[in-house]
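Structure record follows, encoded as C-alpha coordinates.
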Amino acid sequence: MGVKHERRCWLVKSEPTTFSFDDLLAAPESTTPWDGVRNYQARNYMRDDMRVGDEVVFYHSNATPPCAVGLAEVASAARPDPSQFDADSPYADPTSDPGEPRWLLVDVRALRPFARSIPLSEIKAHPVLRELLVARRGNRLSVMPVSPEHLDVLVALAATDVRRSAPD
DNA sequence: GCCAACGTTGGC
DNA sequence: GCCAACGTTGGC
(Lines give C-alpha, C1' and ligand atoms only; values in the text may rest on other atoms or scores of the structure.)
Protein backbone atom coordinates (compact mmCIF):
# COMPACT_ATOMS: atom_id res chain seq x y z
CA MET A 1 0.00 0.00 0.00
CA GLY A 2 1.17 3.46 -0.83
CA VAL A 3 1.54 6.12 1.77
CA LYS A 4 -1.67 8.02 2.11
CA HIS A 5 -1.33 11.76 1.79
CA GLU A 6 -2.97 13.76 4.48
CA ARG A 7 -5.72 15.98 3.17
CA ARG A 8 -4.90 19.63 2.91
CA CYS A 9 -7.66 22.14 2.46
CA TRP A 10 -7.70 25.84 1.73
CA LEU A 11 -9.82 28.91 1.46
CA VAL A 12 -9.31 31.56 -1.19
CA LYS A 13 -10.92 34.97 -1.25
CA SER A 14 -12.06 36.92 -4.22
CA GLU A 15 -14.15 40.02 -4.59
CA PRO A 16 -17.10 38.89 -6.69
CA THR A 17 -17.21 42.20 -8.55
CA THR A 18 -13.69 41.35 -9.74
CA PHE A 19 -13.90 37.57 -10.11
CA SER A 20 -16.79 35.53 -8.76
CA PHE A 21 -17.34 31.81 -8.38
CA ASP A 22 -19.70 32.01 -11.34
CA ASP A 23 -16.86 33.53 -13.34
CA LEU A 24 -14.70 30.56 -12.40
CA LEU A 25 -17.44 28.10 -13.41
CA ALA A 26 -17.72 29.88 -16.75
CA ALA A 27 -13.98 29.88 -17.42
CA PRO A 28 -12.47 27.33 -19.80
CA GLU A 29 -12.24 24.02 -17.91
CA SER A 30 -13.71 26.00 -14.99
CA THR A 31 -10.10 26.81 -14.24
CA THR A 32 -8.15 30.00 -13.80
CA PRO A 33 -4.64 30.98 -12.77
CA TRP A 34 -4.93 32.46 -9.29
CA ASP A 35 -2.82 35.46 -10.10
CA GLY A 36 -2.22 38.68 -8.26
CA VAL A 37 -1.39 37.24 -4.85
CA ARG A 38 1.12 39.69 -3.43
CA ASN A 39 1.46 38.54 0.13
CA TYR A 40 4.41 36.44 1.21
CA GLN A 41 2.53 34.19 3.56
CA ALA A 42 -0.12 33.40 0.95
CA ARG A 43 2.61 32.84 -1.63
CA ASN A 44 4.39 30.44 0.69
CA TYR A 45 1.24 28.40 1.16
CA MET A 46 0.95 28.05 -2.60
CA ARG A 47 4.63 27.31 -3.06
CA ASP A 48 5.22 24.95 -0.16
CA ASP A 49 1.96 23.33 0.83
CA MET A 50 -0.61 23.29 -1.94
CA ARG A 51 -0.88 20.16 -4.00
CA VAL A 52 -2.95 19.28 -7.01
CA GLY A 53 -6.33 18.00 -5.87
CA ASP A 54 -6.42 19.89 -2.58
CA GLU A 55 -9.92 21.10 -1.80
CA VAL A 56 -10.51 24.85 -1.78
CA VAL A 57 -13.38 26.83 -0.32
CA PHE A 58 -14.20 29.80 -2.54
CA TYR A 59 -15.07 32.87 -0.49
CA HIS A 60 -16.54 36.16 -1.65
CA SER A 61 -14.98 39.09 0.19
CA ASN A 62 -16.27 42.63 0.05
CA ALA A 63 -19.62 41.15 -0.86
CA THR A 64 -23.10 41.65 0.56
CA PRO A 65 -22.95 39.56 2.58
CA PRO A 66 -19.41 38.17 2.55
CA CYS A 67 -19.82 34.41 2.23
CA ALA A 68 -18.40 31.02 1.27
CA VAL A 69 -20.01 30.13 -2.03
CA GLY A 70 -18.57 26.96 -3.47
CA LEU A 71 -15.99 24.24 -3.63
CA ALA A 72 -12.95 24.26 -5.88
CA GLU A 73 -9.67 22.42 -6.09
CA VAL A 74 -6.02 23.12 -6.70
CA ALA A 75 -5.40 22.27 -10.35
CA SER A 76 -1.67 22.89 -10.79
CA ALA A 77 1.57 23.12 -8.93
CA ALA A 78 2.88 26.58 -8.09
CA ARG A 79 4.53 28.43 -10.93
CA PRO A 80 5.62 32.01 -11.59
CA ASP A 81 2.80 34.52 -11.85
CA PRO A 82 3.25 36.20 -15.26
CA SER A 83 1.37 39.30 -14.19
CA GLN A 84 4.32 40.43 -12.07
CA PHE A 85 6.27 41.06 -15.30
CA ASP A 86 3.41 42.74 -17.15
CA ALA A 87 3.97 46.47 -16.88
CA ASP A 88 0.33 47.10 -17.76
CA SER A 89 -0.96 44.85 -15.00
CA PRO A 90 -2.07 46.24 -11.66
CA TYR A 91 -0.06 43.34 -10.24
CA ALA A 92 3.18 44.37 -11.93
CA ASP A 93 6.25 44.16 -9.72
CA PRO A 94 9.21 45.77 -11.48
CA THR A 95 11.50 44.72 -8.66
CA SER A 96 10.88 41.01 -9.27
CA ASP A 97 13.78 39.25 -11.02
CA PRO A 98 12.63 37.21 -14.05
CA GLY A 99 15.42 34.76 -13.29
CA GLU A 100 13.97 34.22 -9.85
CA PRO A 101 10.36 35.34 -9.85
CA ARG A 102 9.10 36.56 -6.52
CA TRP A 103 5.41 35.81 -7.01
CA LEU A 104 3.79 32.49 -7.76
CA LEU A 105 0.33 31.22 -8.58
CA VAL A 106 -1.54 27.96 -8.80
CA ASP A 107 -4.47 27.08 -11.05
CA VAL A 108 -7.83 26.83 -9.30
CA ARG A 109 -10.68 24.77 -10.74
CA ALA A 110 -14.31 25.07 -9.72
CA LEU A 111 -15.93 21.84 -8.56
CA ARG A 112 -19.45 22.87 -7.57
CA PRO A 113 -21.33 25.74 -6.02
CA PHE A 114 -22.74 25.19 -2.55
CA ALA A 115 -26.47 24.44 -2.41
CA ARG A 116 -26.55 27.59 -0.30
CA SER A 117 -23.88 30.14 0.47
CA ILE A 118 -22.70 30.39 4.04
CA PRO A 119 -22.44 34.01 5.15
CA LEU A 120 -19.60 35.14 7.35
CA SER A 121 -22.12 35.95 10.09
CA GLU A 122 -23.15 32.29 10.20
CA ILE A 123 -19.53 31.13 10.21
CA LYS A 124 -18.80 33.41 13.15
CA ALA A 125 -21.87 32.21 15.03
CA HIS A 126 -21.14 28.52 14.45
CA PRO A 127 -19.60 26.62 17.39
CA VAL A 128 -17.01 24.94 15.15
CA LEU A 129 -16.67 27.19 12.12
CA ARG A 130 -16.02 30.22 14.27
CA GLU A 131 -12.47 28.83 14.59
CA LEU A 132 -11.82 29.41 10.88
CA LEU A 133 -9.12 31.92 10.11
CA VAL A 134 -11.51 33.80 7.87
CA ALA A 135 -13.71 34.43 10.90
CA ARG A 136 -10.84 35.99 12.80
CA ARG A 137 -10.90 39.68 13.14
CA GLY A 138 -8.49 41.59 10.98
CA ASN A 139 -7.46 38.64 8.91
CA ARG A 140 -6.40 39.74 5.44
CA LEU A 141 -4.83 36.66 3.90
CA SER A 142 -6.24 35.87 0.46
CA VAL A 143 -5.08 32.25 0.64
CA MET A 144 -5.37 30.47 3.96
CA PRO A 145 -5.39 26.92 5.29
CA VAL A 146 -8.56 25.25 6.53
CA SER A 147 -8.48 21.99 8.47
CA PRO A 148 -10.17 19.05 6.70
CA GLU A 149 -12.52 18.73 9.66
CA HIS A 150 -13.62 22.33 9.31
CA LEU A 151 -14.02 22.00 5.57
CA ASP A 152 -16.23 18.96 6.05
CA VAL A 153 -18.43 20.83 8.51
CA LEU A 154 -18.72 23.77 6.16
CA VAL A 155 -19.51 21.62 3.13
CA ALA A 156 -22.14 19.66 5.06
CA LEU A 157 -23.72 22.87 6.29
CA ALA A 158 -23.74 24.27 2.78
CA ALA A 159 -25.51 21.15 1.51
CA THR A 160 -28.46 21.64 3.86
CA ASP A 161 -31.54 23.75 3.39
CA VAL A 162 -31.76 26.88 5.41
CA ARG A 163 -32.46 25.81 8.97
CA ARG A 164 -36.00 26.34 10.12
CA SER A 165 -36.53 28.11 13.36
CA ALA A 166 -39.37 25.81 14.40
CA PRO A 167 -40.69 22.40 13.36
CA ASP A 168 -43.86 22.16 11.35
C1' DG B 1 -17.94 56.00 3.44
C1' DC B 2 -15.68 54.79 7.68
C1' DC B 3 -12.17 52.85 10.08
C1' DA B 4 -9.62 48.96 12.41
C1' DA B 5 -6.17 45.79 11.37
C1' DC B 6 -2.39 44.58 9.10
C1' DG B 7 1.86 44.47 5.91
C1' DT B 8 5.39 47.17 3.87
C1' DT B 9 8.54 50.94 3.43
C1' DG B 10 12.06 53.92 4.61
C1' DG B 11 14.40 57.25 7.74
C1' DC B 12 17.33 57.10 11.38
C1' DG C 1 16.77 47.05 14.25
C1' DC C 2 13.19 50.23 15.57
C1' DC C 3 9.09 52.36 14.50
C1' DA C 4 6.20 56.02 12.33
C1' DA C 5 4.00 56.75 8.06
C1' DC C 6 1.58 54.96 4.57
C1' DG C 7 -1.27 51.92 1.55
C1' DT C 8 -4.45 48.13 1.39
C1' DT C 9 -7.95 44.96 2.92
C1' DG C 10 -12.39 44.11 4.04
C1' DG C 11 -16.29 44.12 7.43
C1' DC C 12 -19.76 47.00 8.65
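The figures here come from the full heavy-atom set of this structure, side chains too, leaving out hydrogens, waters and symmetry mates. Within every chain, numbering begins at 1; the chains are lettered A, B, ... in the order of the sequence lines, protein sequences first and strands thereafter. For clarity, every value in this text was computed on a predicted model and none was experimentally measured.
Distance, A/Arg102 CZ to B/dT8 C1': 12 Å, rounded to whole Å. Between A/Leu141 atom CG and B/dA5 atom P the separation is 17 Å, expressed in whole Å. Atom CE in A/Met144 sits about 8 Å away from atom P in C/dG10, given to the nearest Å. Rounded to whole Å, atom P of C/dT8 lies 14 Å from atom CG of A/Asp93. Put simply, CD on A/Gln41 is 7 Å from P on B/dG7, counting in whole angstrom units. A/Tyr40 has its OH atom 18 Å from the C1' atom of C/dT9, to the nearest Å. Taking atom CG of residue A/Asn139 and atom C1' of nucleotide C/dT9, one finds them 10 Å apart after rounding to whole Å. Atom CD1 in A/Ile123 sits roughly 14 Å away from atom C1' in C/dG10 (whole-Å rounding).
The shortest distance between side-chain heavy atoms of A/Leu71 and A/Leu151 falls below 4.5 Å. In this structure the side chain of A/Asp81 never reaches within 4.5 angstrom of the side chain of A/Leu104, judged on heavy atoms.
The side chain of A/Lys124 lies closest to C/dG11 when the candidates are B/dA5, C/dG11, B/dG7. Taking every side-chain heavy atom of A/Arg137 into account, B/dA4 is the closest of B/dG7, B/dA4, C/dG11. Of the candidate nucleotides C/dC12, B/dG7, C/dG10, C/dG10 has the atom nearest to the side chain of A/Asn62.
Taking side-chain N and O atoms only, A/Lys13 has a distance below 4.0 Å to OP1 or OP2 of C/dG10. When the side-chain nitrogen and oxygen atoms of A/Tyr59 are compared with OP1 and OP2 of C/dG11, one or more of them lie within a distance under 4.0 Å.
For A/Asp22, there are no salt bridge (charged side-chain N to carboxylate O under 4.0 Å, His left out) partners, not counting sequence neighbours.
Residue pairs meeting the ring-ring contact (aromatic ring centres under 6.0 Å, His included) criterion with at least one partner in residues 41-81 of chain A, sequence neighbours excluded, are A/Trp10-A/Tyr45, A/Phe21-A/Phe58, A/Trp34-A/Phe58, A/Phe58-A/His60.
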